*Asks:* 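My questions will all concern the structure given below.
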Amino acid sequence: MDSLFTVYVVLLLSITLVGFIRYKKLNDSFRILTILILCTLVSETIKKFYGRIYHNSMPLAHLWSVIEFALFSVVYYKFITADVIKKIIIILIPAMLILEIFNIRFFEQLSQFPSLILEASHIIYVVYALVLFRQMLFSPAEESLFKQSLFWFNINMLFYATTMFLNFALLSYFIENKLDVAPLVYISVVVNFIFYIVIGVSLLIDNKRPDTIKIANG
């Protein structure tokens, strides 16, 4: 697992470098995404060392789950143009923090995996992605879809959120029924690697396009 973690850290570092090397060419949303990947790199590294010292890194996982949701929400806030959705996103960020406080108090302690917050985040990511795809549908770009960094980022988020939501749901079922969870763990690892690789591709092909897509019919 240590060798796998090393590959994971190298991947995050590589994506971070791509983002900062191309920083001036990126739109503001992908600049925020670059900072998010850097924070992910720092978080994963700290969690690794914290876990070795205290044999439980879940307190940091709880903290990071809220921070990560806030950063991804800001990325979508910059892309989405609908004022109503923007206001909802602003509300959702502190709401997730409140949910986390309730989660720690009544459901999952700091020593436990923050599955409730992650599952809630995945559901909201799916909604974000669908809203943005609808926005893209009403105002298609002249450029080929497969050359659009926004398309790759958004479909990647949709893939990641739906897959991980299902994975965590099955994981709970497997644990309750004392089944072997190893296949689900390996699937989550593969999904995470794909997720970050596609984010790297999005940062690599972005060329400071507008942060938002204007809906033609208002």
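In this chain, numbering begins with 1 at the start of the sequence shown. Computed from a prediction, not measured in an experiment: that's the story for all the values here.
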*Asks:* Take a 6.0 Å sphere around CZ of Phe193 and say whether it holds more than 12 heavy atoms from other residues, nucleotides or ligands.
*Replies:*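 Buried by this count: over 12 neighbours within 6.0 Å.
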
*Asks:* Salt bridge between Lys86 and Asp83, side-chain N to carboxylate O under 4.0 Å?
*Replies:*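 Salt bridge absent between Lys86 and Asp83.
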
*Asks:* Let me confirm one number: the CG-CZ distance from Leu17 to Arg22, rounded to the nearest 0.5 Å.
*Replies:*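 With rounding to 0.5 Å, CG (Leu17) is 13.5 Å from CZ (Arg22).
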
*Asks:* Flag the pair Phe133 / Leu158 as yes when at least one side-chain heavy-atom distance between them is below 4.5 Å, and no otherwise.
*Replies:*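 Touching, per the 4.5 Å side-chain cut-off.
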
*Asks:* Under a 4.5 Å side-chain heavy-atom rule over Ile, Leu, Val, Met, Phe, Trp and Tyr, are Ile91 and Val84 clustered together?
*Replies:*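 Per the 4.5 Å side-chain linkage, Ile91 and Val84 are not co-clustered.
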
*Asks:* Could you tell me if the ring centre of Phe113 sits under 6.0 Å from that of Phe168?
*Replies:*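 Yes, the ring of Phe113 comes within the 6.0 Å limit of the ring of Phe168, centre to centre.
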
*Asks:* Just by modelled atom types, is the Ile117 backbone N or O under 3.5 Å from a matching donor or acceptor in the Glu100 side chain?
*Replies:*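 Here the side-chain-to-backbone pair does not exist.
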
*Asks:* So does Val9 get a backbone contact from the side chain of Glu44, meaning a donor-acceptor N/O pair under 3.5 Å?
*Replies:*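 Here the side-chain-to-backbone pair does not exist.
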
*Asks:* Determine whether a donor-acceptor pair (N or O, by modelled atom type, separation under 3.5 Å) exists between the side chain of Gln148 and the backbone of Glu143.
*Replies:*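 At least one qualifying donor-acceptor pair exists.
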
*Asks:* Can you tell me how far CG of Leu170 sits from CD1 of Ile187, rounded to the nearest 0.5 angstrom?
*Replies:*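 So the gap between those two atoms works out to 8.0 Å.
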
*Asks:* Determine yes or no for a side-chain-to-main-chain donor-acceptor pair under 3.5 angstrom, with Asn103 supplying the side chain and Pro114 the backbone.
*Replies:*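 No; zero donor-acceptor contacts below 3.5 Å.
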
*Asks:* Using modelled atom types only, decide if a donor and an acceptor are shared between the side chain of Ser139 and the backbone of Met136 within a distance under 3.5 Å.
*Replies:*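 Between the backbone of Met136 and the side chain of Ser139 there is no qualifying donor-acceptor contact (under 3.5 Å).
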
*Asks:* Step by step, would you call Ile93 with Tyr77 a side chain to side chain contact (heavy atoms under 4.5 Å, CB included)?
*Replies:* CA-CA 11 Å; Ile93 294 174; Tyr77 178 88; over 6 Å; no

*Asks:* First locate atom CG of Leu116, then atom CD1 of Ile104, and finally report the distance between them rounded to the nearest 0.5 Å.
*Replies:*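 Between Leu116 CG and Ile104 CD1, I get 10.5 Å after rounding to 0.5 Å.
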
*Asks:* Can you get from Met96 to Leu110 by hopping between Ile, Leu, Val, Met, Phe, Trp and Tyr side chains that sit under 4.5 Å apart?
*Replies:*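 No; Leu110 is not reachable from Met96 via cluster members.
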
*Asks:* Does Leu166 form a side chain to side chain contact (heavy atoms under 4.5 Å, CB included) with Thr162? I'd like the steps, not just the answer.
*Replies:* CA-CA 6 Å; Leu166 179 61; Thr162 52; over 6 Å; no

*Asks:* When rounded to the nearest 0.5 angstrom, what is the spacing between CD in Gln109 and CE in Met58?
*Replies:*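 Spacing of CD (Gln109) from CE (Met58) equals 13.5 Å.
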
*Asks:* Measure the CG-CG distance between Leu171 and Leu179 for me, rounded to the nearest 0.5 Å.
*Replies:*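 With rounding to 0.5 Å, CG (Leu171) is 10.5 Å from CG (Leu179).
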
*Asks:* Assess the pair Phe79 and Tyr76: is the distance between their ring centroids shorter than 6.0 Å?
*Replies:*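 No, ring centres 6.0 Å or more apart.
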
*Asks:* In sequence, state the C-alpha distance, the side-chain angles, and the governing distance for Ile35 and Leu71, and then conclude on side chain to side chain contact (heavy atoms under 4.5 Å, CB included).
*Replies:* CA-CA 9 Å; Ile35 295 172; Leu71 290 173; 5.5 Å; no

*Asks:* Heavy-atom distance under 4.5 Å between the side chains of Val131 and Ile80, does that happen here?
*Replies:*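 Side-chain contact under 4.5 Å: yes.
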
*Asks:* For Leu204, does its backbone N or O pair with a side-chain atom of Asp206 as donor and acceptor, under 3.5 Å?
*Replies:*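 No, because the side chain of Asp206 does not come within donor-acceptor range (under 3.5 Å) of the backbone of Leu204.
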
*Asks:* Rounded to the nearest 0.5 Å, what separation is found between the OG atom of Ser172 and the CG atom of Asn167?
*Replies:*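 Those atoms lie 9.5 Å apart.
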
*Asks:* Is atom OH of Tyr173 surrounded by more than 12 heavy atoms (other residues, nucleotides or ligands) closer than 6.0 Å?
*Replies:*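 At most 12 heavy atoms, drawn from other residues, nucleotides or ligands, come within 6.0 Å of this atom.
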
*Asks:* Give the intermediate values and the outcome of side chain to side chain contact (heavy atoms under 4.5 Å, CB included) for residues Val75 and Tyr128.
*Replies:* CA-CA 10 Å; Val75 172; Tyr128 285 168; over 6 Å; no

*Asks:* Do Leu4 and Tyr8 belong together in a cluster built from hydrophobic side chains that touch within less than 4.5 Å?
*Replies:*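 Yes, same cluster.
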
*Asks:* Side chain of Arg31, backbone of Lys24: donor and acceptor closer than 3.5 Å?
*Replies:*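 Answer holds: yes.
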
*Asks:* I'd like to check Val191 versus Phe159 (side-chain heavy atoms, cut-off strictly below 4.5 Å). Are they in contact?
*Replies:*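 Side chain of Val191 against side chain of Phe159, heavy atoms only: contact under 4.5 Å found.
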
*Asks:* Does any N or O in the side chain of Asn27 come within less than 3.5 Å of the main-chain N or O of Ser29, such that one atom is a donor and the other an acceptor?
*Replies:*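 Yes, because the side chain of Asn27 sits within donor-acceptor range (under 3.5 Å) of the backbone of Ser29.
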
*Asks:* Provide the closest heavy-atom pair for Thr34 versus Thr16 in the form atom of the first, atom of the second, distance.
*Replies:*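 So the two residues come closest at CG2-O, 4.1 Å.
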
*Asks:* Between Ile89 and Ser73, which heavy-atom pair has the shortest distance, and what is it?
*Replies:*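 That would be CG2-O, 3.5 Å.
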
*Asks:* Going by heavy atoms in the side chains, are Tyr160 and Val198 under 4.5 Å from each other?
*Replies:*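 No; the side chains remain at least 4.5 Å from each other.
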
*Asks:* Where do Asn156 and Ile194 come nearest, in terms of heavy atoms and distance?
*Replies:*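 Minimum heavy-atom separation between Asn156 and Ile194: OD1-O, 4.1 Å.
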
*Asks:* Does the side chain of Trp64 reach to within under 4.5 Å of the side chain of Lys47, using non-hydrogen atoms?
*Replies:*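 Yes, side chains in contact.
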
*Asks:* Contact between Phe72 and Leu33 at the side-chain level, heavy atoms closer than 4.5 Å - yes or no?
*Replies:*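 Heavy-atom side-chain distance check passes, below 4.5 Å.
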
*Asks:* Test of understanding: clusters of I, L, V, M, F, W, Y form through side-chain heavy atoms closer than 4.5 Å, transitively. Do Phe153 and Leu145 belong to the same one?
*Replies:*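 Linked, Phe153 and Leu145 end up in one cluster.
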
*Asks:* Heavy atoms only: give me the nearest Ala182-Asp180 pair and the separation to one decimal.
*Replies:*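 That closest heavy-atom pairing would be N-OD1, 3.1 Å.
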
*Asks:* Count I, L, V, M, F, W, Y as connected when their side-chain heavy atoms are under 4.5 Å apart, and connections chain through other members. Are Leu41 and Val189 then in the same cluster?
*Replies:*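 Same hydrophobic cluster.
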
*Asks:* Can you confirm whether Tyr54 is buried at OH, in the sense that more than 12 heavy atoms of other residues, nucleotides or ligands lie under 6.0 Å from that atom?
*Replies:*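 Atom OH in Tyr54 is not crowded, with 12 or fewer foreign heavy atoms closer than 6.0 Å.
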
*Asks:* Strictly below 4.0 Å, N to O, side chains only: are Asp2 and Lys48 in salt-bridge contact?
*Replies:*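 Judged by the 4.0 Å cut-off on N to carboxylate O distance, Asp2 and Lys48 do form a salt bridge.
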
*Asks:* Looking at every heavy atom in both Asn192 and Ser188, which two are closest together, and how far apart are they?
*Replies:*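 Smallest heavy-atom distance, with atoms named: ND2-O, 2.8 Å.
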
*Asks:* I'd like to check His122 versus Thr163 (side-chain heavy atoms, cut-off strictly below 4.5 Å). Are they in contact?
*Replies:*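 The answer is no, as the side chains (C-beta and beyond) never meet within the 4.5 Å cut-off.
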
*Asks:* What closest approach, in Å, do Leu26 and Gly19 show between heavy atoms, and which atom pair accounts for it?
*Replies:*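 Looks like CD1-O, 3.5 Å.
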
*Asks:* Given side chains that start at C-beta, do those of Tyr50 and Pro59 come closer than 4.5 Å, heavy atoms only?
*Replies:*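 Yes, at least one pair of side-chain atoms sits under 4.5 Å.
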
*Asks:* Can a donor-acceptor pair be found, under 3.5 Å and without considering hydrogens, that links the side chain of Glu68 to the backbone of Ser65?
*Replies:*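 Flag not set: sc Glu68 to bb Ser65 has no pair under 3.5 Å.
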
